[in-house]
Amino acid sequence: MKSDELFALLRRRGVLWPSAEIYGGAQGLYDYGPLGTALKRRIEDTWSAWFLGLSEDYHLIEPAEILPEAVVRASGHLENFTDPEVSCDSCHAVFRADTLLETVRPEGVDGLSAARIGTILAESSISCPSCGKRTLSVPRPFNMMFGLDFGVTGDERVYLQPETAQGSYLAFARMWDVGRHALPLGIAVIGRAYRNEIAPRQVLFRMRAFTQAELQIFFDPAAFPVPFDSVRQEELPVLRVPARERGQESPERVSAEKLVESGLPEFYVYHMVQSYRFYRDVLKYPADAIRLFEKSDAERAFYNRIQFDVEVHLESLGGYKELGAVHYRGDYDLTRHGQGSAKDLSVTAKDGHRVLPHVLELTFGVDRNLWALADTHLVRDGDRSVWKLPPYLAPVALGVFPLLRKEHTAYARALTAELARDGISVEFDDAGTIGKRYARMDEAGTPYCVTVDGGTVASEGAERGTVTVRLRDTKAQERVARNDLASRIRSSLQPPRPSG
RNA sequence: GCGGGCAUAGUGUAGUCUGGUAUCACAUAGGCUUGCCAAGCCUAUAACUCGGGUUCAAAUCCCGGUGCCCGCACCA
């Protein structure tokens, strides 16, 4: 489906829509409706079950979303998240000042302040790459962070977090104290991040407020033991830098073992495999639509030593899109926050030596994955639309219908209430015909529908107290005793966990 | 930010050139009928992106704003 068509469908079904719609919308902001909210929760719960399931020492926390200025200064966001921009007074094209400067300054611009870049630019009298005239403006800073006035006087500067990771780094020292004083220690956060994107586009892919699920694993670079044998034979669809430089776009299948032989650390490959399994086996993206895209030195943030993006091919957006990533960030974060806070963030490892932990970061874009799950799992099957979500992701697990509105409604309503009390996400529907109800549920991704009919409510006979269960993907039906319903479907509603 | 295109019920559309308050389908709600896969009939709800201008009269013509799409740039 095209992006427009898919967005129209999601809007129509109340999955999501533009924020402040009645005022014309606000660029880059979206609201989730009932189905979208439920689906997003399930995605988050499913992510937690998998990634926190990797180790007993991986924990979920919820840091504040607002960061004091000192934090973003230390993290580098105040400086690096600010792009000095110049525009051309003749043709109004906009450029990044530092990129422009690199064209005349082969030694690079690393470490230069925005003001210094401006001075050099002015002296070098560069002409506009677009129209050729020498009418470039002075650089002005453009920071992608939202700044806020904080406190009563409003003169204290704070920022909405541009990524959720910072909260984990800030919490590390406390988490060390409240925990078992052991590395590796994992800190997971599911939260909103905010970026003042210049041009929000493609619905959920470039938002100004979005949800990230991230796991920061703090470890001793001298020893990060992982059960590598459990992933050794797994073949990963990787697209590595040398292949990319040859113009290749499709991934090659390479075993975890071979990746380690090529120089990647075992702990890195292990977590890349577990991430890959999450996308393939849990979210169930088609295996041939996934690729692990290695970022080159130039593309990575400078503190990332190794970076593979997890990309999935999306028809709606016409290509591979980044849904998550695995970053080896070294000791950059704790070094910077150690300096910024003047606190020693190193810890004493089991064998007694002091160590400043390194960080392996697993990131996951919740909104992007929600979109991707619609793109890849919402399919046309003949004349019906079916959202083939795994049962544990479905916003509504079960639909309950009376076959005859007059005769079976009371029974069906009672059954609905009973299943809801059992903790199953259930929806009653008696509108229109039975076929319409099935179709509506198919489109919402509901995996099971039960129908109360004459046999169910009969005072005697073999079908007394049984209902038909109809499966979304096959349309197959089966008679099940109502008392067995909850136990029959419950296990399929549990998000999978890694098995070792 | 720049350039181009687009904007009509919940969704998709006709009408715009050539001004006279809006077509059809699906969806939604209610009813009849039917009773396990979007059937049929009746009824109802429901729209001209916003603001200004021209005109007796604007969905239609003019100006501006907003949003969306495509390309460029941007995406720590």
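Throughout, protein chains are lettered first and strands after them, A, B, ... in sequence-line order, and every chain is numbered starting at 1. We use all heavy atoms of the structure for the numbers below, so side chains are in, but hydrogens, waters and symmetry mates are not.
The separation between A:W17 atom CH2 and B:rG67 atom C1' is 18 Å, rounded to whole Å. Rounding to whole angstrom units, CG of residue A:L471 and P of B:rC37 are separated by 15 Å. We find that CG of A:D473 is positioned 15 Å from C1' of B:rC37, with the value rounded to whole Å. We find that CG of A:D453 is positioned 13 Å from P of B:rC37, with the value rounded to whole Å. In this structure, A:L16 atom CG and B:rC68 atom P are separated by 13 Å, rounded to whole Å. In this structure, the CD atom of A:Q477 is 9 Å from the P atom of B:rC36, given to the nearest Å. Atom C1' of nucleotide B:rG10 and atom CZ of A:F7 are separated by 14 Å, given to the nearest angstrom. Distance CD (A:E322) to P (B:rC74): 17 Å, rounded to an integer number of Å.
For RNA chain B, the stems formed by at least three consecutive Watson-Crick or G-U pairs, with both atom-pair distances below 3.5 Å, span B:1-7 with B:66-72, B:10-12 with B:24-26, B:28-32 with B:40-44, B:49-53 with B:61-65.
B:rA7 and B:rG51 have their C1' atoms separated by 16 Å, given to the nearest Å. Comparing the C1' positions of B:rA25 and B:rU8 gives a spacing of 15 Å, expressed to the nearest Å. Taking the C1' atoms as reference points, B:rC70 lies 39 Å from B:rA29, given to the whole Å. Comparing the same atom, C1', in B:rU55 and in B:rU60 gives a spacing of 13 Å after rounding to whole Å. For the C1' atoms, the distance from B:rA22 to B:rU13 is 12 Å, rounded to whole Å. Nucleotides B:rA46 and B:rU33 are separated by 26 Å at their C1' atoms, to the nearest Å. As rounded to the nearest Å, B:rA14 and B:rC24 have P atoms that lie 14 Å from one another.
For the pair A:V467 and A:A8, both in contact range of RNA chain B, the more 5′-proximal nearest nucleotide belongs to A:A8. Remark on RNA chain B: of its neighbouring residues A:G28 and A:A301, the 5'-side contact belongs to A:G28, judged by nearest-heavy-atom nucleotide.
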**Prompt:** Given A:S385 and A:R380, is the side chain to side chain donor-acceptor pair (under 3.5 Å) satisfied, shown in steps?
**Reply:** CA-CA 5 Å; A:S385 310; A:R380 295 223 190 285; 2.9 Å; yes
**Item:** Stepwise side-chain contact (heavy atoms from CB on, under 4.5 Å) test for A:L16 and A:L35
**Value:** CA-CA 8 Å; A:L16 64 104; A:L35 284 182; over 6 Å; no
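Taken from CG in A:L334 to CZ in A:F218, the straight-line distance is 5.5 Å, to the nearest 0.5 Å. Of the inter-residue distances, the one linking A:M144 atom CE with A:R208 atom CZ reads 9.5 Å to the nearest 0.5 angstrom. Between the NE2 atom of A:H77 and the CG atom of A:L67 there is a distance of 9.0 Å, given to the nearest 0.5 Å. Separating the CZ atom in A:F308 from the OG atom in A:S275 is a distance of 12.0 Å, to the nearest 0.5 Å. Here A:L323 contributes atom CG and A:I290 contributes atom CD1; the two are 9.0 Å apart, rounded to the nearest 0.5 Å. With rounding to the nearest 0.5 Å, the separation of CG in A:L393 from CG in A:L493 is 10.5 Å.
If you check every strand for non-hydrogen atoms under 4.0 Å, A:T474 touches nothing. Among the protein residues, A:I434 comes within range of the sugar-phosphate backbone only, with heavy atoms under 4.0 Å from sugar or phosphate atoms but none that close to a base. Contact annotation for A:F205: no contact, since no heavy-atom pair falls under 4.0 Å across all strands.
The side chain of A:Y30 sits closest to B:rC68 out of B:rC37, B:rA38, B:rC68. With distances taken from any side-chain atom of A:L403 to the nucleotides B:rA38, B:rG35, B:rC69, the minimum falls on B:rG35. Distances from the side chain of A:R11 to the nucleotides B:rU33, B:rU11, B:rA38 place B:rU11 closest.
Side-chain atoms of A:R470 come within donor-acceptor range of the base of B:rC37, with a qualifying N/O pair under 3.5 Å. Side-chain atoms of A:D442 and base atoms of B:rC37 include no donor and acceptor less than 3.5 Å apart. Judged by distance alone, with hydrogens and angles left aside, A:R437 brings no side-chain donor or acceptor close enough to the base of B:rC36 to form a pair under 3.5 Å.
The pair A:D442-A:R384 counts as a salt bridge, with a side-chain nitrogen and a carboxylate oxygen less than 4.0 angstrom apart.
Qualifying ring-ring contact (aromatic ring centres under 6.0 Å, His included) partners for A:H313, counting only residues two or more places apart in sequence or in other chains: A:Y320.
Relative ring orientation between A:Y30 and A:F7 is described as perpendicular, the plane-to-plane angle rising above 60° on a 0-90° scale split at 30° and 60°. Between A:F278 and A:F364, the ring planes are perpendicular. Angles over 60° get that label, and only those under 30° would be called parallel.
Between A:R405 and B:rG30 there is no side-chain N or O to OP1 or OP2 distance below 4.0 Å. Proximity of A:T451 to the phosphate of B:rC36: no side-chain N or O atom is located under 4.0 Å from OP1 or OP2. Proximity of A:Q27 to the phosphate of B:rC68: a side-chain N or O atom is located under 4.0 Å from OP1 or OP2.
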Could you go over nucleotides 25-28 of chain B and give all protein N or O partners under 3.5 Å, atom names and distances?
residue	atom	partner	partner atom	Å
B:rU28	OP1	A:R440	NH1	2.4

